[in-house]
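Here the structure comes first, spelled out in structure tokens, and everything after it is commentary.
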Amino acid sequence: MPELPEVETIVRGLRKLVTGKEITEIISHRSGTISEERSETGEYGRITGIRRRGKYLLIDTDIQITIMIHLRMTGKLIFDKTEAGSQHLRAEIRFSDKTLLIFDDVRTFGKIIVMDSGKDVEHLSFLGPEPLETDFNEHYLSEKIKGRKAPVKNILLDQRIVAGLGNIYVVEILHRAGISPEREGGLLTRKEINLIIEKTREVLQEAISCNGTTISDYRSVDDKSGEFQNFLRVYGKEKCKCGAEIKKIKQAGRTSYFCPNCQK
DNA sequence: ATTGCTTCCTGAGCGC
DNA sequence: TGCGCTCAGGAAGCAA
């Protein structure tokens, strides 16, 4: 499940591998994976940069094309010379030097959109601030959360509130903050809001330095696993460090884990 | 405006 | 061995 730290790791890996390469072809191996939203179709150009916004990965080229990729749950980008290593090939980006960027995705939810540069801003305008930037702060979050009846867990998963958090990290952040995922968002105190922001930064930064979390499918571009799964404190666990049983519940269709002793 | 349910999809894991 | 079932979940779309 690539969330912000995993996408960030992939972006950093890709930058080293494909910056400067000329894209000759983008091939779809499954309908619905790629959508072309350019005003004119034609060449793609040479890669000038790779960026991330939330869980979206953006590839920019020198002829003002942006390729926006969302990996959803099982999407992977694999850099190689052949497609042989791909079990679930959905698309590929071919370069003039005969290397490839393979888009492999078991569950086929991932998407690639080819668009004119600048259009990405409109596409992504719904996203909330980046959790590691200063505009994700107490003032912002308390305004957004004010009067909300939904559980804090659901609010933090909402990409319009803050961009890039997914199930695993929200579960870990709330555990570190000592806040139950079932708490009503609008009733959180100032202190708790600050704690959420602080722990969000802490967890994400640790996860990025671990190259992400590999539970099942996630791999970086060079096919390496992340390491942060070794530091998870509640997600997928049965017992908390304090000795109490971890509770497992469903919220908004996703599994929440929390310690009733440490999280109030 | 907000909330919550359903949908998309495949593979792993389980009980029988 | 193999069948059928449940579960995993990000985000869009829709209904209340």
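Chain letters run A, B, ... following the sequence lines, proteins first and then strands; every chain starts at 1.
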Can you give the donor-acceptor pairs under 3.5 Å from side chains of residues 242-254 of chain A to other protein atoms, not counting sequence neighbours?
{"unit_1": "A:Glu245", "atom_1": "OE2", "unit_2": "A:Lys239", "atom_2": "NZ", "d": "3.3"}
{"unit_1": "A:Gln251", "atom_1": "OE1", "unit_2": "A:Ser256", "atom_2": "OG", "d": "2.6"}
{"unit_1": "A:Gln251", "atom_1": "NE2", "unit_2": "A:Pro181", "atom_2": "O", "d": "3.1"}

* Looking at residues at least two apart in the chain, or sitting in another chain, which of them share a salt bridge (charged side-chain N to carboxylate O under 4.0 Å, His left out) with A:Glu92? -> A:Arg94

* Partners meeting salt bridge (charged side-chain N to carboxylate O under 4.0 Å, His left out) with A:Lys21 (sequence neighbours left out) -> A:Asp97

* To do: Examine C:dA8: is either OP1 or OP2 under 4.0 Å from a nitrogen or oxygen in the side chain of A:Arg107? Give yes or no.
  => no

* **B:dC9 OP1/OP2 closer than 4.0 Å to side-chain N/O of A:Arg30** => yes

* Applying salt bridge (Lys or Arg N to Asp or Glu O under 4.0 Å), which residue pairs with at least one partner in residues 154-172 of chain A are found, sequence neighbours left out? -> A:Asp158-A:Arg160

* Applying salt bridge (Lys or Arg N to Asp or Glu O under 4.0 Å), which residue pairs with at least one partner in residues 181-200 of chain A are found, sequence neighbours left out? -> A:Glu138-A:Arg190, A:Lys149-A:Glu184, A:Arg183-A:Glu192, A:Lys199-A:Glu202

* Structure fact -> Within residues 114-129 of chain A, the residues having a heavy atom closer than 4.0 Å to DNA chain B are none

* Asked: Less than 5.5 Å between centroids and less than 30° between ring planes, does A:Phe109 satisfy that with C:dA11?
  -> no

Of all residues at least two apart in sequence or in a different chain, which pass the ring pair (Phe, Tyr, Trp, His ring centres under 6.0 Å) check with [X]?
{"X": "A:Tyr235", "value": "A:Tyr257"}
{"X": "A:Phe103", "value": "none"}
{"X": "A:Tyr56", "value": "A:His70"}

For nucleotides 2-5 of chain B, list the nitrogen or oxygen atoms of the protein found under 3.5 Å from its nitrogen or oxygen atoms, one pair per line.
{"unit_1": "B:dT3", "atom_1": "OP1", "unit_2": "A:Lys149", "atom_2": "N", "d": "2.6"}
{"unit_1": "B:dT3", "atom_1": "OP1", "unit_2": "A:Ala150", "atom_2": "N", "d": "2.9"}
{"unit_1": "B:dT3", "atom_1": "OP2", "unit_2": "A:Arg148", "atom_2": "NE", "d": "2.2"}
{"unit_1": "B:dT3", "atom_1": "OP2", "unit_2": "A:Arg148", "atom_2": "NH2", "d": "2.7"}

* Under the 4.5 Å side-chain heavy-atom rule for ILVMFWY, direct or indirect, which residues accompany A:Leu89? -> A:Ile78, A:Leu100, A:Ile102

* Describe, as an angle rounded to 10 degrees, how the axis at the first end of the helix from B:dT2-C:dA16 to B:dC16-C:dG2 is tilted relative to the axis at the last end, five pairs per end. => 50°

